[in-house]
Colleague: 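This is the structure, below, for whatever I ask next.
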Amino acid sequence: MVALLKKDFFVLRKTCMIYLFMLLFYVAFGVLSGNMAMFQMLFTLVGMMLPITSISYDERAKWDKYGLSMPLNRRMIVLSKYVFTWIAMGFGAAFSAVTLTLFAVFTHEPITIQLYQPSLLFTCLGFVLADFGIPIIYHLGTEKGRYAMMGLIWGVVLIPVFLVKVFNINVYDWVEGSVTVLSTGWAIAAVSVSTVLLTLVSLLVSFAIYTRKEFG
């Protein structure tokens, strides 16, 4: 497992550096504008894209055929992509928490659980997108899978707009109202548990797809 994670890190080290500079730029932009939402959204997308990019590089280099010639379990290969996702998202969440804390200290804002709630929600959103994205990429391949992922992301963005325009149903108000009704602790627990369960289901689906996949 450790060797697989090192392989992914070394392959993506230049990409990670580019993403890190992008994050630092958006941190500076958020500090100057007083709005950290763009930065939090970016680290969500970065955490989602890293494992998918790793799978893409493996497919392009035909690494899976080589990897399976070694004493590696197919499930271990799949699991390493999820662990890599967890590490990337965990680093992003920690980086976000530290940045938000420093921002609150310098702007003399109170440090409360509400300060970190958007960051947690964006982290869970990143996990959800990755949980859908990894099985899709394994099933369709990187070329077709990228289009499917673009469709998924655009669907998340456009469906609420469509519901508002056609049926006058404001999904954002409904979600905000649901979170408000629940206490902060219960809302965080519900979102976190749902994300963990979805990740487990995604992992099992990816196991099934990769186990049956042939590499020529």
Side-chain angles (χ1 to χ4, degrees), residues 1 4-5 7-9 11-12 15-16 19 23 37 39-59 63-64 73-97 116-160 171-172 174-175 178-179 186-213:
M1 174 65 73
L4 292 172
L5 293 174
K7 184 267 295 180
D8 285 338
F9 175 76
V11 169
L12 295 174
T15 304
C16 289
Y19 284 149
L23 287 173
F39 155 67
Q40 295 177 76
M41 187 179 299
L42 181 65
F43 90 73
T44 297
L45 295 175
V46 168
M48 177 200 71
M49 288 304 300
L50 282 176
I52 293 175
T53 304
S54 173
I55 296 172
S56 175
Y57 283 166
D58 286 350
E59 183 177 301
W63 182 88
D64 294 277
N73 189 302
R74 284 182 179 241
R75 293 195 169 198
M76 185 65 71
I77 294 175
V78 174
L79 181 60
S80 70
K81 302 301 180 186
Y82 281 85
V83 173
F84 188 71
T85 304
W86 300 336
I87 293 173
M89 292 301 299
F91 173 80
F95 188 79
S96 177
Y116 306 103
Q117 199 167 359
S119 180
L120 175 62
L121 293 176
F122 276 118
T123 301
C124 290
L125 177 61
F127 277 119
V128 169
L129 291 174
D131 289 339
F132 280 101
I134 294 176
I136 288 173
I137 295 295
Y138 273 137
H139 180 64
L140 298 178
T142 53
E143 294 301 323
K144 294 179 180 178
R146 286 183 187 275
Y147 291 112
M149 283 300 299
M150 289 174 60
L152 174 65
I153 294 172
W154 277 108
V156 171
V157 174
L158 294 179
I159 286 176
V171 178
Y172 300 112
W174 179 81
V175 172
S178 299
V179 173
W186 280 107
I188 292 174
V191 171
S192 301
V193 170
S194 299
T195 303
V196 170
L197 292 176
L198 180 61
T199 300
L200 292 175
V201 172
S202 173
L203 183 60
L204 293 175
V205 172
S206 295
F207 281 162
I209 294 172
Y210 196 82
T211 300
R212 296 195 301 266
K213 196 167 185 177

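No experiment lies behind these values; they were computed from the predicted model shown.
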Colleague: Answer yes or no: is there a side-chain heavy-atom contact under 4.5 Å between I77 and W63?
Modeller: yes

Colleague: Answer whether the closest heavy-atom distance between the side chains of L12 and Y57 falls below 4.5 Å.
Modeller: yes

Colleague: Could D64 and K213 be called an ion pair, given the rule that one side-chain N must be under 4.0 Å from one carboxylate O?
Modeller: no

Colleague: What are the two closest non-hydrogen atoms of C16 and L50, and how far apart are they?
Modeller: SG-CD2, 4.1 Å

Colleague: Could you measure the distance from the CG atom of L129 to the SG atom of C124? Nearest 0.5 Å is fine.
Modeller: 11.5 Å

Colleague: So how far is it from L79 CG to L4 CG, rounded to the nearest 0.5 Å?
Modeller: 9.5 Å

Colleague: Starting at CD1 of I209, measure out to CZ of R74 and round the result to the nearest 0.5 Å.
Modeller: 13.0 Å

Colleague: Given the rule in the side-chain contact (heavy atoms from CB on, under 4.5 Å) test, do V11 and S54 qualify, once you have shown the distances and angles that lead to the verdict?
Modeller: CA-CA 8 Å; V11 169; S54 173; over 6 Å; no

Colleague: Is any side-chain heavy atom of L198 closer than 4.5 Å to a side-chain heavy atom of F127?
Modeller: no

Colleague: Rounded to the nearest 0.5 Å, how far does CD1 of I137 lie from OG of S56?
Modeller: 7.5 Å

Colleague: Within the supplied structure, the quantity of interest is the number of heavy atoms (other residues, nucleotides, ligands) at a distance under 6.0 Å from Y210 OH; does it exceed 12?
Modeller: yes

Colleague: For Y82, which residues count as a ring pair (Phe, Tyr, Trp, His ring centres under 6.0 Å) partner, sequence neighbours excluded?
Modeller: none

Colleague: Heavy atoms, side chains only, cut-off 4.5 Å: are D58 and K81 in contact?
Modeller: yes

Colleague: Are any non-hydrogen side-chain atoms of F9 and I87 less than 4.5 angstrom apart?
Modeller: no

Colleague: Look up atom CD1 in I52 and atom CD1 in I55, then write down how far apart they are to the nearest 0.5 Å.
Modeller: 7.0 Å

Colleague: Would you say that more than 12 heavy atoms from the other residues, nucleotides or ligands in this model lie under 6.0 Å from the CE of M1, or not?
Modeller: yes

Colleague: In Å and rounded to the nearest 0.5 Å, what is the OG to CD1 distance from S206 to I136?
Modeller: 10.0 Å

Colleague: Looking at every non-hydrogen atom in both residues, tell me the closest pair between Y138 and V78 and how far apart they are.
Modeller: OH-CA, 4.0 Å

